[in-house]
Every structure is written in C-alpha cells, then in structure tokens.
Number of protein chains: 2
Amino acid sequence: MNWLTPKRLPAGMVAVMCSRPHPKAVRSGRLGRPRSTEADTAILHATRAALVELGWSKLTMGDVAIRAGVAKTTLYRRWASKSELVIDAVAVLFDELELPDRGSLMADVEGVVLQFATLLERPETRTALMAVVAESTRDEALRSRIRSAIVNRQKTLVLQGRARAQARGELPYEENAESAARNADLIFDVIAGAVVHRTLVSAEPVDQAWAHSFTTLLLSGLTSLRNS
Amino acid sequence: MNWLTPKRLPAGMVAVMCSRPHPKAVRSGRLGRPRSTEADTAILHATRAALVELGWSKLTMGDVAIRAGVAKTTLYRRWASKSELVIDAVAVLFDELELPDRGSLMADVEGVVLQFATLLERPETRTALMAVVAESTRDEALRSRIRSAIVNRQKTLVLQGRARAQARGELPYEENAESAARNADLIFDVIAGAVVHRTLVSAEPVDQAWAHSFTTLLLSGLTSLRNS
DNA sequence: GCGCTTTCGCTACGCGTCGTAGCGTAACTG
DNA sequence: CAGTTACGCTACGACGCGTAGCGAAAGCGC
C-alpha cells in the first residue's frame, strides 16, 4: 500500500553515487524550494536524543518531530518508516570507527574490538542496532540499507587490518580472491558477532581484559587457550 | 504505571523452582477455577504461527488471541507484554538443542553450530530473537527472562562440550574456576555471536562449508588460517 | 519585478492497537 | 451448597500511525 504511492521514488534513484544517499532523495536538480538541510540535521539529532531517552520501542515519529522543531509531515516526506530514520540517525556514529596502526595484528584487533565496544556502550546504538536488524529480517530493502550504511563500513576495517598484517608478514597473502573474501567475511562475523553478543545478549562489559582474551583466542585458537 | 498494578506478582514468585516458570504464575495451591493449560499451549502455538506469518513487528495481541480461540483478556492475565509472550513461545524451540558426542571437539563444535543455524533458519526465531534482545536493552527483567529461558540453555552446551574435550585430552583441565568460567563465557559469545551475526546481520547462510571454516578458525586461530 | 514549482508548518482526520473495566458464566474446592 | 478464581465477551479511552488539504515561504527561470 505504502510502497506504491507516488511519494516513493524509483529504486534506482536512491543508488546514486553519494556517501549517504537520502532515503527519499529528491533530484537535487532544480525547481522549487529546496529542502532545509537544517531540518535534516535537526531531525537526526532529535532522533538520537529520543533514542537515548526513550529507547527504540517508545520512540514515536511525533515526538521526534516536536524535538526537532519540525512538522510531522516534514518527517514523513523524507523517511518512510521509523526504521529507516533510525538507521540514518545511528549510521553517522559508525563513521568514527577507524583502525589506527598499532604496530601488530594483535594490537590492531584489540583496538578495533574496544572501539566497537565503546560504540555499543552508547544507549542510542544499544537500543537501535538490534531493533533495526530485527526489523530487517522481513524487509530486504531495510537490510541492504543497514548493510550500506553500517555494516560495510565496519567490514572495511577487517580488510584494512588484514592488509596491514600481511604487509608486516603476520598473515600470508591469499592468492585466491574468492577464499580471501570468504575469510574476511568470516572474521568480520566472528569479531562483530562476539562483541555484539557479549554486549547485548550476555549484557556484560567488553573491557580491556575481555578484549585481550578474545583477541588471543582469535589469533591462537581454542587449543592454545590457557588460564590468564 | 503498568509495573505497579496488583496484577504484577512479587518478583520472588517467578523464581520458584520450575523448569519453565510462568510469567504471571498463580500459586498452584488451590481454590477457584484452575487456569486452562490448553489455553496456555494454544496461545504459545498461536504466537509462533503469528510470528511466522506476520513477523515480530506486525504481531498483535488481539490477533494472537483470535488465533488461539481465546479472549484477549485471557492473554493479558498471563503475560504482561508482547515481549514476554514471544520469549516463552520461542524458548521451547531452543530445548531441542543438544550436543551429541561426535568423537572430537572439532566435530562437536561443528555440530552445535549447524544445529544453532538450523534453529535460526526458522522464521519464528529469526524475527523474534533479535527483537526481544533489542527490547531487553532497556528492561532488566526481560533480560533475565531471556537469559533463563534461552541463553543459559545454550551455554550449557559449551560447558558440556568442554568437559568432553577435556576427557578426550583435547583441552587442558582448568584448575582456576574463575578463569574457567570466563573462558566458557568467552567461547559462548564467540560461537553464538558469530552464528547470529552471520545469519541475521550478514544475512548469509550458515552451511557446512562455513561451519567448517569457522570451527577451524576457532580451534586453530587466525594465524593458521589458510585457503580452503 | 513576475510566474512556476516545491517544501514548509499546521490542523484535522480515519484507522488500528493497546491495555483495562465490568459483567455474567464456568470450573473447581471444601 | 457457598466461596473463589478463571473464562468469554463487550465496550471504552488513550495513543500512535500515516495522510489529506490548506496557505505561506523559498527557491528558480524569465
């Protein structure tokens, strides 16, 4: 019903080359009053604030509109659903993830684990990440949006870390491109999955000690696990 | 508001020794018309069916009541929220998880990974698991319910698998009880986290090949990772 | 300056779900 | 039998959703 209204733009239009394609991007061409960029930032800021105070389930579109000082209709002109709005609001937080060269594969992994954990300590990401992932299990469009807005950014770090480790001689170069990609995906799922599960399911902190133990396990394997 | 109504029972009452303590358990003592156990099973069955057809977000209490052939008020007499209902409905699916002895640690891990993956292929669990976890980030009571109903059951498998591996001589006995517990938690987060992340975030299948690669990585570590 | 186009804030609306109250009836206990 | 609790049913207020319609504002091309 919603998917066929003229408000929806053809799918191709979203895929234009842009760092953050707007959900309901209007052709930036010309004609008419341009969209207020202040409204955009105000809405996203208000969404994060609402996530902190209310959490995902109690966040309402009307409330966000009021916080942003914007009419509710303005909100719906840009985002078709609460999920898409929240994804965009949270996605920018993942931009601060980076991989400073700490000199060794071990230190690099530990660093990225702690960085990711710090991100997941924020109430916005805690409450939003799992919620949108849950929503995406029944919505392919949402899933691809999460992928491009959040997941792919994290995956880059894995590729970067591997390249460094290979340059240092800590990891072998993989001539087979396919299996190299598979391995990167595997490692990404292991790292991100472990941190997320520890944080949100087990609900216990990812501190220095845990990061160290995890990294040791990841590098050396289960058979070499010893008491610390 | 909801948390203070007389409907809510004191917290201790839920923690009675019972395999599956009912959310709003009434003292099984006596007096008056007993609760219909058929209604219980019908509701949980209807909830799973609704999850399959509608998914978490579109599931409504009224719809579940109709499917179960039960009044909506009957539903609310037993479960205070949609989250608690869904947890109970899904929890039984996790009971079928077990750890058959396959002769080696490697085979055991691979087996449990594939079993867990099979469980996550079901639409009920896919859509429900992440949703209730997301909900639990702001609700400690919900989190402990998930832990006792779902997570702890899985964690047992890790302990079981380790004990077997130790008996086989594949893993060393850990004299330090604390670090042994920490290691078990770590391994659990790594295994469950990786499978969940692969399935629900990366949205790619956990097949035999992936399970094998993952298990190899877990046992031997990153440094020994080679092309397959 | 003038039209044309699009977005803006605002109000109002229908719809669906929520969770509860109140009733009469059914089931079980002593 | 009386006492107690669960049941099905109806009705209700509250609230969030997403949209329609309005006049005003802010750009563009002329």
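Atom set for the values below is all heavy atoms of this structure, side chains included, hydrogens, waters and symmetry mates excluded. Numbers restart at 1 for each chain; the letters A, B, ... are given by sequence-line order, proteins then strands.
- Between A/Ile87 and A/Glu84, every side-chain heavy-atom pair lies at or beyond the 4.5 Å cut-off.
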Between protein and nucleic acid, restricted to nucleotides 15-17 of chain C and to nitrogen or oxygen atoms under 3.5 Å apart, what atom pairs and distances do you find?
none

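- Taking atom CH2 of residue A/Trp79 and atom P of nucleotide D/dC17, one finds them 15 Å apart after rounding to whole Å.
- Rounded to an integer number of Å, the gap from A/Leu75 CG to D/dT19 C1' is 14 Å.
- Under a 4.0 Å N-O distance rule, the pair B/Lys155/B/Asp185 qualifies as a salt bridge.
- The pair A/Arg35-A/Asp40 does not meet the salt-bridge criterion, since no charged nitrogen lies less than 4.0 angstrom from a carboxylate oxygen.
- Sequence neighbours left out, the pairs with a member in residues 181-204 of chain B that pass ring-ring contact (aromatic ring centres under 6.0 Å, His included) are A/Phe188-B/His197, A/His197-B/Phe188.
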Note to self: Base contacts versus sugar-phosphate-only contacts with protein, heavy atoms under 4.0 Å: please encode nucleotides 24-30 of chain C as B, S and - from 5' to 3'.
What the structure shows: --BBBSS
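- Counting heavy atoms from C-beta outward, A/His45 and A/Thr41 have side chains that stay 4.5 Å or more apart.
- Annotation: ring pair (Phe, Tyr, Trp, His ring centres under 6.0 Å) contacts of A/Phe116 (sequence neighbours excluded): none.
- Between the C1' atom of D/dC15 and the CD1 atom of A/Ile66 lies a distance of 13 Å, rounded to the nearest Å.
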Using atom names, set out every protein N or O paired with an N or O of nucleotides 9-11 of chain D below 3.5 Å, distance rounded to 0.1 Å.
unit_1, atom_1, unit_2, atom_2, d
D/dC9, N4, B/Thr73, OG1, 2.9

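- Between the OH atom of B/Tyr76 and the P atom of C/dG22 there is a distance of 18 Å, rounded to whole Å.
- A heavy-atom distance below 4.5 Å is not found between the side chains of A/Ser213 and A/Gln208.
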Could you go through residues 122-134 of chain A and list every donor-acceptor pair under 3.5 Å that involves a side-chain atom there, pairing it with any protein atom two or more places apart or in another chain?
unit_1, atom_1, unit_2, atom_2, d
A/Arg122, NE, A/Glu124, OE2, 3.3
A/Arg122, NH2, A/Glu124, OE2, 3.0
A/Thr125, OG1, A/Leu119, O, 2.4
A/Thr125, OG1, A/Arg122, O, 2.9
A/Thr127, OG1, A/Trp56, N, 3.0

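- In this structure, B/Ile43 atom CD1 and D/dG8 atom C1' are separated by 12 Å, rounded to whole Å.
- Between B/Asp88 and B/Arg145 there is a salt bridge, since a side-chain N of the basic residue sits under 4.0 Å from a carboxylate O of the acidic one.
- Between the side chains of A/Ser202 and A/Glu204, not a single donor N or O lies within less than 3.5 Å of an accepting N or O.
- Between A/Arg67 and A/Glu53, at least one side-chain nitrogen of the basic residue sits less than 4.0 Å from a carboxylate oxygen of the acidic one, meeting the salt-bridge criterion.
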